[in-house]
Amino acid sequence: MNESLNTAAQRAAAIRKVVRAIKRGNFASYGEVARRAGLPGRARLVGQVLREAGDDRRLPWHRVTGSGGRIAFPAGSRGAREQLRRLGREGVQSRGQRVLAKPQASSARTLDALLWKI
DNA sequence: CGGGTGACAACGT
DNA sequence: AACGTTGCCACCC
């Protein structure tokens, strides 16, 4: 089931697939995307693939960040503003060059309430 | 084969 | 939190 990933094209395809799987309002780091694609330690390759993809609408590139939610583009650059704008539209909060993890309002009690329909 | 590069990560200061 | 270093790895001369 694990694709071969022997060729550059296969690796790129695997990476794009993982990026497409990131849902609205969520984000993942380059390193995380690489791991999910079966390519641990190859975060830079993810950046390379996204750069090649350019403005492909099928790819939610804005949902990929540096480690810890850091925006990889230079602060204030076109890319950084665009990425933050798109993430903001999806409800992702940010503080400067960093996007914040989705607030986990689910305390154990609240989770129980959801699960047990209390 | 060798050196430079980069939408990176982890760690230290 | 913001940089600087170092380790990485795929690509491209």
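No hydrogens, no waters, no symmetry mates; every other heavy atom, side chains included, goes into these values.
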Less than 4.5 Å apart, side chain to side chain, heavy atoms only: is that true for A/Gln83 and A/Leu87?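 Result yes, sub-4.5 Å side-chain heavy-atom pair found.
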
May I ask you to test the A/Leu59-A/Arg16 pair for a side-chain heavy-atom distance under 4.5 Å?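 Result yes, sub-4.5 Å side-chain heavy-atom pair found.
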
Residues two or more places apart in sequence or in another chain: which of them pass salt bridge (charged side-chain N to carboxylate O under 4.0 Å, His left out) with A/Glu90?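 Residues passing salt bridge (charged side-chain N to carboxylate O under 4.0 Å, His left out) with A/Glu90: A/Arg63.
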
Could you identify which residues of residues 71-82 of chain A place a heavy atom less than 4.0 Å from some atom of DNA chain B, listed by residue number, or say none?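 Per residue number, the list reads A/Ala72, A/Phe73.
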
Hey, can you pull the residues of residues 57-66 of chain A with a non-hydrogen atom under 4.0 angstrom from DNA chain B?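 Result for residues 57-66 of chain A: A/Trp61, A/Gly66, sorted by number.
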
Nearest-Å distance for atom pair [atom1]/[atom2], residues [X] and [N]:
X: A/Leu39; N: B/dC8; atom1: CG; atom2: C1'; answer: 14 Å
X: A/Arg35; N: C/dC8; atom1: CZ; atom2: C1'; answer: 14 Å
X: A/Leu50; N: B/dC8; atom1: CG; atom2: P; answer: 10 Å
X: A/Arg16; N: B/dA7; atom1: CZ; atom2: P; answer: 18 Å

Look for any protein N or O under 3.5 Å of an N or O in nucleotides 10-13 of chain C and output each such pair with its distance, or none.
| unit_1 | atom_1 | unit_2 | atom_2 | d |
| --- | --- | --- | --- | --- |
| C/dA10 | OP1 | A/Arg42 | NE | 3.4 |
| C/dA10 | OP1 | A/Arg42 | NH1 | 2.6 |

Polar side-chain atom of [X] near backbone of [Y] as donor-acceptor pair, under 3.5 Å:
X: A/Arg81; Y: A/Gly76; answer: yes
X: A/Arg11; Y: A/Asn6; answer: yes
X: A/Glu82; Y: A/Arg78; answer: no

Nucleotide N/O to protein N/O under 3.5 Å, stretch nucleotides 1-7 of chain C:
| unit_1 | atom_1 | unit_2 | atom_2 | d |
| --- | --- | --- | --- | --- |
| C/dA1 | OP2 | A/Arg95 | NH2 | 3.0 |

Can a salt bridge be assigned to the pair A/Arg36 and A/Glu32 using a cut-off of 4.0 Å between side-chain N and carboxylate O?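 Yes, A/Arg36 and A/Glu32 are salt-bridged.
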
If you compare all heavy atoms of [X] against all heavy atoms of [Y], which two are closest, and at what distance to 0.1 Å?
X: A/Val64; Y: A/Val46; result: CG1-CG1, 4.4 Å
X: A/Pro60; Y: A/Val19; result: CG-O, 3.3 Å
X: A/Gln97; Y: A/Ala80; result: OE1-CB, 3.9 Å
X: A/Leu50; Y: A/Tyr30; result: CD1-CE2, 4.1 Å

Just verifying a value: how many Å separate A/Asp55 CG and A/Trp61 CH2, rounded to the nearest 0.5 Å?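 CH2 of A/Trp61 is found 10.0 Å from CG of A/Asp55.
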
Partner residues of A/Gln48 under the side chain to side chain contact (heavy atoms under 4.5 Å, CB included) criterion, sequence neighbours left out: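 Counting only residues at least two positions away or on another chain, A/Gln48 forms a side chain to side chain contact (heavy atoms under 4.5 Å, CB included) with A/Leu45, A/Arg51, A/Glu52.
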
